[in-house]
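Encoded as structure tokens, the structure appears first; notes follow it.
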Protein chains: 2
Amino acid sequence: MTGGRVTRRAVSSTDVARLAGVSQSAVSRTFSAAGGVSAPTRARVLEAAAALGYRPNRIPAIMQSGRSHMVGVVVGGLDNPFYAAVLDHFAVALRALGLQVLLVRVDDALALDGALEQLAGYRVDAAVTALAVGSRAAAEALSALRVPTVCFNSRLTGPWISTVRSNNRAAGRQAAALLAARGVRAAGWLAGPRESAAARERGRGFAEGVAARGLAPPVAIAGDDSHAGGYDAMRRLLRARQPPEGLFCGNDLMACGAIDALRDAGLSVPGDVLVIGYDNIPQAGWRAYDLTSFDQQVERMAGAALEMLTAALADPSNAAMGRTRAVAARLVERGSTGAAAGDAGSDDAGGDDAGGGDAGATGDDAGADRAGKARRAQEVGDRPA
Amino acid sequence: MTGGRVTRRAVSSTDVARLAGVSQSAVSRTFSAAGGVSAPTRARVLEAAAALGYRPNRIPAIMQSGRSHMVGVVVGGLDNPFYAAVLDHFAVALRALGLQVLLVRVDDALALDGALEQLAGYRVDAAVTALAVGSRAAAEALSALRVPTVCFNSRLTGPWISTVRSNNRAAGRQAAALLAARGVRAAGWLAGPRESAAARERGRGFAEGVAARGLAPPVAIAGDDSHAGGYDAMRRLLRARQPPEGLFCGNDLMACGAIDALRDAGLSVPGDVLVIGYDNIPQAGWRAYDLTSFDQQVERMAGAALEMLTAALADPSNAAMGRTRAVAARLVERGSTGAAAGDAGSDDAGGDDAGGGDAGATGDDAGADRAGKARRAQEVGDRPA
DNA sequence: TTGTACGCGTTATCAG
DNA sequence: CTGATAACGCGTACAA
């Protein structure tokens with residue numbers, strides 16, 4: 001006998017077998033779906049199991065099959081309703097598939113590969129992350145783990161990394177088009193933290209759109225993706241100069257903060273300043289903000305991610321990974337850009353075209369912008385370059 | 001040879017050992033903290049491991065030790081920022097303790113025992129749930145799992161169940177006291193779903209507090225803990241009758257919805273109606289709502305839960321469970337009850353009537369709210385009753 | 001320091 | 001239908 005000191009040993013199938021006077025295999029078969037067990041045996045096993053409070057242990061099966069039925073999910077701070085929504089969707093969908101969620105909450109994209117390395121130790125079957133892969137080095141580190149991973153808004157892919165992308169850049173252009181159509185001549189850009197590639201793309205598209213209309217480059221101010229960050233950034237701007245006539249924000253949290261700062265300063269939204277956000281978090285639809293925003297369509301992005309995930313799970317040869325799929329962000333116009341209340345922006349999109357995806361390639365965003373209900377049809381429909 | 005068809009077999013320590021020309025134990029020792037390995041051996045092992053992309057597998061250790069270092073966390077819908085905050089705290093804290101989070105997102109408390117049963121199969125070392133245990137039957141089912149479980153706001157405990165409670169009822173009474181002190185004579189209670197014991201306690205305390213001041217019992221309307229639910233409930237109420245002068249809501253989401261409905265109807269908060277929420281979600285602090293609320297002090301509740309959890313983890317005899325700890329909810333006064341911006345404190349002694357405006361249907365102008373700046377600065381800074 | 005052997009709890013295979 | 005047995009990959013006493 002070796003085995004170190006036993007800590008809190010749980011009831012095992014062997015214990016049940018002993019009590020029931022049957023073999024351990026019989027117990028196993030009783031609790032597995034395809035059980036070839038006679039009724040009497042089954043009854044005796046169940047009785048013994050109940051008496052002992054036996055619960056089948058799923059851990060050994062992981063060891064043998066190499067499949068844990070656990071999926072790692074990596075998200076940023078859940079005080080951001082966007083991340084919370086992403087996680088919520090995955091948690092529900094994965095549970096419906098009979099998969100467990102092993103959650104890792106990280107502070108920023110830099111911690112991503114560390115988090116996944118940790119998950120790899122638990123032999124998760126796959127991983128999803130709401131954070132983009134930051135660097136090529138990180139992508140290689142991830143690929144070394146040989147865990148099929150699906151990212152949101154990552155430009156980098158690899159043999160084990162797929163990505164679901166939103167058309168951030170095109171959305172930025174569309175935001176510029178909308179503001180210009182509303183008569184805005186001086187635009188502002190409330191940027192997110194520099195690490196976020198997605199936010200950078202939005203700002204880039206916005207700058208392009210602004211330039212395309214012959215307007216001055218947007219004033220750029222920096223926030224940190226939080227409400228407080230947006231509030232503070234706007235306060236700083238207002239102290240230094242006049243506000244822009246139209247503001248595009250890297251996300252909705254900052255947009256709400258900016259709106260609060262503007263109103264605190266006695267300005268009106270949309271009377272004095274038009275504001276557009278990104279993410280379409282629930283709060284954007286609340287009357288007090290009524291914020292025009294881009295809906296990333298979390299359900300569809302999550303759905304696309306899940307499809308790639310399940311494909312990877314079903315096919316160990318991993319042919320399904322290394323792909324990119326695009327889901328178009330949908331403009332939802334609300335009062336903060338002067339739309340009448342109770343309006344929705346674009347509607348059913350054709351979007352969701354599966355990009356054939358190759359690695360790297362800074363390529364542009366796919367997905368056509370739509371003018372939606374063509375409410376006031378000024379050219380909101382700015383085709384992708 | 002038996003062993004079924006091998007599915008995606010990962011690199012094992014045996015593979016590394018073979019390549020490095022050492023024993024499997026040498027590999028194990030190299031990767032374990034207390035490794036008695038010579039430098040040359042270590043180097044060869046690491047080289048081989050790198051070449052093969054070996055990652056230690058933590059699953060077998062779970063089997064042997066019976067400890068998974070995973071903690072099950074059960075939460076409700078993450079569209080509620082309160083649940084998101086709870087989860088965020090646990091995710092960060094557990095990670096700091098070197099524990100993994102196995103997440104289960106359930107729709108309601110009824111699904112709780114099913115969720116924990118599922119977690120039990122993965123041999124989680126412990127579980128935390130933001131949902132209360134609903135019935136004694138559920139409590140017994142949970143205890144049968146022999147997984148140390150910490151609940152939030154559950155009245156039921158058991159040998160394996162501890163709970164961290166907020167003083168819901170006292171908070172309800174305090175809410176009534178505050179409203180009365182502000183001159184409210186007609187009170188309303190916006191209830192949450194009936195399943196929530198915590199919400200019921202709040203309503204009960206509120207009714208007691210209202211009665212203690214000789215006022216008529218509060219008008220009760222029912223929401224579903226969501227923003228939309230609060231909005232709709234308030235709309236229904238406004239269609240049927242005059243609004244109460246002061247409204248206490250089962251949670252902040254409904255409170256924000258109610259405020260939106262009131263303003264949509266041309267009423268002012270706090271001009272015409274005072275509103276108090278519960279949870280102190282981030283949005284309650286946003287200027288557009290400036291909502292007085294009760295802070296459950298998630299950090300402290302989570303901290304208390306973690307203490308009980310780690311105690312249970314350290315002591316297999318389970319002496320630490322079956323306990324109850326209380327964390328007082330803290331009233332945070334803001335503009336929605338007439339406090340000047342940036343105020344805290346509590347009620348009583350307000351004397352000063354000036355209750356809600358005349359509630360004369362429609363009357364007021366729409367946008368003139370906000371201006372939370374002490375628009376009616378009745379004495380706010382008093383000590384708790 | 002290093003290698004050998006065993007066991008954790010289960011599933012899958014094979015013989016009865 | 002049932003029982004015996006070999007893995008799964010790792011830690012860990014024990015022997016060398």
Side-chain angles (χ1 to χ4, degrees), chain A residues 1-45 48-49 52-69 120-123 125, chain B residues 1-45 48-49 52-69 120-123 125:
Chain A
M1 280 255 219
T2 54
R5 63 197 181 291
V6 174
T7 335
R8 199 161 65 104
R9 210 174 68 71
V11 180
S12 74
S13 58
T14 308
D15 302 324
V16 176
R18 187 156 30 224
L19 178 60
V22 298
S23 73
Q24 181 270 330
S25 321
V27 179
S28 175
R29 278 192 278 257
T30 300
F31 282 95
S32 72
V37 195
S38 68
T41 303
R42 181 185 183 76
R44 291 171 63 190
V45 168
L52 266 48
Y54 169 70
R55 309 253 73 232
N57 185 350
R58 302 197 59 178
I59 300 294
I62 299 177
M63 242 179 59
Q64 288 197 237
S65 66
R67 302 212 39 193
S68 62
H69 295 103
Y122 278 84
R123 292 296 188 261
D125 292 338
Chain B
M1 279 254 217
T2 54
R5 65 200 181 291
V6 174
T7 334
R8 199 161 66 100
R9 213 174 67 72
V11 179
S12 72
S13 59
T14 309
D15 301 324
V16 176
R18 187 157 32 224
L19 178 60
V22 298
S23 72
Q24 179 267 325
S25 349
V27 179
S28 175
R29 281 190 275 258
T30 301
F31 283 95
S32 72
V37 194
S38 69
T41 302
R42 181 185 182 76
R44 291 171 63 190
V45 168
L52 266 46
Y54 168 71
R55 311 251 75 235
N57 185 349
R58 302 196 61 179
I59 299 295
I62 298 177
M63 243 179 58
Q64 288 197 234
S65 66
R67 304 213 37 195
S68 63
H69 294 104
Y122 278 85
R123 292 295 188 261
D125 292 338

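Quick note: numbers below take in every heavy atom, side chains included, and nothing from hydrogens, waters or symmetry partners. Lettering of chains follows the sequences in order, A, B, ..., and the numbering in each one begins at 1.
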* **Donor-acceptor contact present, side-chain B:Ser13 to main-chain B:Val27, <3.5 Å** => no

* Does B:Ala20 offer a backbone N or O that forms a donor-acceptor pair with the side chain of B:Arg44 under 3.5 Å? -> yes

Phosphate OP1/OP2 of [N]: any [X] side-chain N/O under 4.0 Å:
X        : N      : result
B:Thr41  : C:dT2  : yes
B:Tyr122 : C:dT10 : no
A:Ser28  : C:dT11 : yes
B:Ser13  : D:dC10 : yes

Return the value, rounded to whole Å, for the distance between atom [atom1] of [X] and atom [atom2] of [N].
X       : N      : atom1 : atom2 : result
A:Phe31 : C:dT11 : CZ    : C1'   : 15 Å
A:Arg67 : D:dG9  : CZ    : C1'   : 18 Å
A:Ile59 : C:dT10 : CD1   : P     : 11 Å
B:Arg44 : C:dT1  : CZ    : C1'   : 14 Å
B:Arg29 : C:dG3  : CZ    : P     : 8 Å
B:Arg18 : C:dG3  : CZ    : P     : 15 Å

Need one value for [X]: base, sugar-phosphate or nothing, where a base atom within 4.0 Å counts as base even if backbone is also close, heavy atoms only.
X       : answer
A:Ser12 : sugar-phosphate
B:Val27 : nothing
A:Tyr54 : sugar-phosphate
A:Arg58 : nothing
A:Ala26 : sugar-phosphate

* Are any non-hydrogen side-chain atoms of B:Leu19 and B:Leu52 less than 4.5 angstrom apart? ->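 In contact.
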
* To do: Please examine the side chains of A:Arg42 and A:Arg29, heavy atoms only from C-beta on, and report whether any two atoms are closer than 4.5 Å.
  =>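 No, every pair of side-chain atoms sits at 4.5 Å or beyond.
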
* Go through D:dG3, C:dC8, D:dT12 for me and flag the one nearest to the B:Met63 side chain. =>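 Comparing D:dG3, C:dC8, D:dT12 against the side chain of B:Met63, the answer is C:dC8.
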
* Choose from D:dT12, D:dA4, D:dC8 the nucleotide whose nearest atom is closest to any side-chain atom of B:Gln24. => D:dT12

* Asked: In terms of side-chain heavy atoms, does B:Thr14 have a donor or acceptor partner in B:Gln24 at a distance below 3.5 Å?
  ->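 No pair is found: no donor N or O on one side chain lies under 3.5 Å from an acceptor on the other.
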
* To do: For A:Ser38 and for B:Asn57, locate the closest nucleotide of DNA chain D by heavy-atom distance; then report the residue assigned to the nucleotide nearer the 5' terminus.
  =>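 Nearest-nucleotide comparison on DNA chain D picks A:Ser38.
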
